[in-house]
2 protein chains.
Amino acid sequence: MITVEEILRKQDLRGTACRRFIINGLLESDRALSENELKGDFPELFDRVTFYRTLITLEEHGIIHKIVLNDNSVKYALNSHHQNENNLHSHFHCEECDEVLCLEGKTRFEAELPDNFVSHSVFVVIEGFCADCASHIK
Amino acid sequence: MITVEEILRKQDLRGTACRRFIINGLLESDRALSENELKGDFPELFDRVTFYRTLITLEEHGIIHKIVLNDNSVKYALNSHHQNENNLHSHFHCEECDEVLCLEGKTRFEAELPDNFVSHSVFVVIEGFCADCASHIK
DNA sequence: ACATGTAATGCAACAATGTTGCAAATATAA
DNA sequence: TTATATTTGCAACATTGTTGCATTACATGT
Ligand SMILES: [Mn+2]
Ligand SMILES: [Mn+2]
Ligand SMILES: [Zn+2]
Ligand SMILES: [Zn+2]
């Protein structure tokens, strides 16, 4: 399993507490996390702006990616959670418990674009119920 | 072509200036529009909150839908811009000129969800270049 | 045309999030 | 250990989302 220091080193990024904190949080989680979920029990550990800029830095270096949901909320996940190399970023969002998962592997999307349109990347959010919530509800 | 009054009547909605303004704007546009794009030359015509609440009302009554883009910006389009009845909302967003189109018809998406997950609806945003921008760039 | 009840509006106020500039603190490499 | 470039925290401001409430407008029946 890859370590935080390796991830930072590979991108020529300095090792700072905030970067380590965020990457660790995502490494330990099997789902995507919002800024507040990441902060968890330490909401004041880093300045809001530092956290904000660190997320940008990690995204720019291809370590994490942002997932914007239909309710305007945002979650983050490690890029390593996506296996496919075809620029298809697909995610599941549970309407009940709000959990967000990166969908690895077997996703497929096809769209017929207007003439001469060029596609660079595709973002998919599937809204529904996760297994737990589906069994509890009705 | 359906008229604004018909759209409102069909949903048992009162005819107010703000509702007519928004629906008209979207009827006359072939693309999805942001709140500011909708307001156009009359940014102060309605109170910000009225505009906000009117968009919610129109969405709740199934007249328009919201499109949340990867940069957290939001656009709106008439529901009639989508032909398919399978809860697949798919959109194109030009990274250069920022135009957003509802993709009608020929889109297909398949994903293998984890066991017992239930899908209710799927939102897709394709990022790329529209025809105009693709020809101007490089 | 008018009165009436209901629904929509404008305004104030606040919350949440995004964004920048800058001086102080820190990480790395020499 | 020192030098330098980077990162941090803070203040400040922008944008957008959200609610409560008093005023105004709409649609319906008279
Ligand atoms: Mn993901
Ligand atoms: Mn659409
Ligand atoms: Zn759930
Ligand atoms: Zn374009």
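Every heavy atom of this structure was used, including side-chain atoms; hydrogens, water molecules and symmetry mates were not. Letters go in sequence order (proteins before strands), and every chain restarts at 1. Remember, it's a predicted structure, so these values are computed and weren't measured experimentally.
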Euclidean distance, B:Y52 OH relative to B:T57 OG1, rounded to 0.5 Å:
10.5 Å
Sugar-phosphate, base or nothing in reach of A:R19, heavy atoms under 4.0 Å
sugar-phosphate
Exactly one of B:H93, B:E127, B:E95 should register a side chain to side chain donor-acceptor pair (under 3.5 Å) with A:H120. Which one does?
B:E95
Do B:S135 and A:N116 have side chains that approach each other closer than 4.5 Å (heavy atoms only, starting at C-beta)?
no
What is the distance, to the nearest angstrom, from the CZ atom on A:R9 to the C1' atom on C:dA29?
13 Å
Whole-Å distance, B:L58 CG to C:dA8 P, equals 11 Å
Gap between atom NE2 of B:H89 and atom SG of B:C102 - 0.5 Å precision:
10.0 Å
Tell me which residues in residues 36-46 of chain B put a heavy atom below 4.0 Å from DNA chain D, sorted by number, or none.
none
Between A:I23 and A:L8, is a side chain to side chain contact (heavy atoms under 4.5 Å, CB included) present by the stated rule, with each step listed?
CA-CA 9 Å; A:I23 296 174; A:L8 290 171; 3.7 Å; yes
In whole angstrom, give the distance that lies between atom CG of B:L8 and atom P of C:dA8.
11 Å
B:F51 CZ to C:dA8 C1', straight-line distance once rounded to whole Å
15 Å
Start with the C-alpha distance between A:D71 and A:S73, add both sets of side-chain angles, then the distance that settles side chain to side chain donor-acceptor pair (under 3.5 Å), and finish with yes or no.
CA-CA 5 Å; A:D71 61 0; A:S73 67; 2.6 Å; yes
What is the nucleic acid contact for B:R48, judged by heavy atoms within less than 4.0 Å: base, sugar-phosphate only, or nothing?
base
Evaluate ring-ring contact (aromatic ring centres under 6.0 Å, His included) for B:F92 paired with A:F117, printing each intermediate quantity in order.
CA-CA 9 Å; B:F92 182 88; A:F117 276 50; 4.9 Å; yes
Is any side-chain N of the basic residue among A:E37 and A:K39 closer than 4.0 Å to the acidic one's carboxylate O?
no
Quick tally for nucleotides 19-30 of chain D: nucleotides whose base has a protein heavy atom under 4.0 Å get B, sugar-phosphate-only ones S, the rest -, giving BB----BBS---
With heavy-atom distances below 4.5 Å as the criterion, would you say the side chains of A:L45 and A:F51 are in contact?
no
Are the aromatic rings of A:H91 and A:H82 close, with centres under 6.0 Å apart?
yes
Roughly how bent is the helix from C:dA1-D:dT30 to C:dA30-D:dT1 end to end, in steps of 10 degrees, with each end axis from five pairs?
30°
In whole angstrom, what separates B:E35's CD from D:dT18's P?
12 Å
OP1 or OP2 of C:dA8 sitting under 4.0 Å from any side-chain N/O of B:T54?
no
Could you check whether B:D98 pairs with B:R31 (Lys NZ or Arg NE/NH1/NH2 to Asp/Glu carboxylate O, under 4.0 Å)?
no
Is a salt bridge present between B:R48 and B:E35, judged by a nitrogen-to-oxygen distance below 4.0 Å?
no
Starting from P on D:dT16, measure out to CG on B:L55 and report it in whole angstrom.
13 Å
For A:D12 and D:dT6, give me the distance from atom CG to atom P, rounded to whole Å.
12 Å
Counting only side-chain nitrogens and oxygens, does B:N72 get under 4.0 Å of the OP1 or OP2 atom of C:dG18?
yes
To the nearest angstrom, the CD1-C1' distance between B:I56 and C:dA7 comes to 16 Å
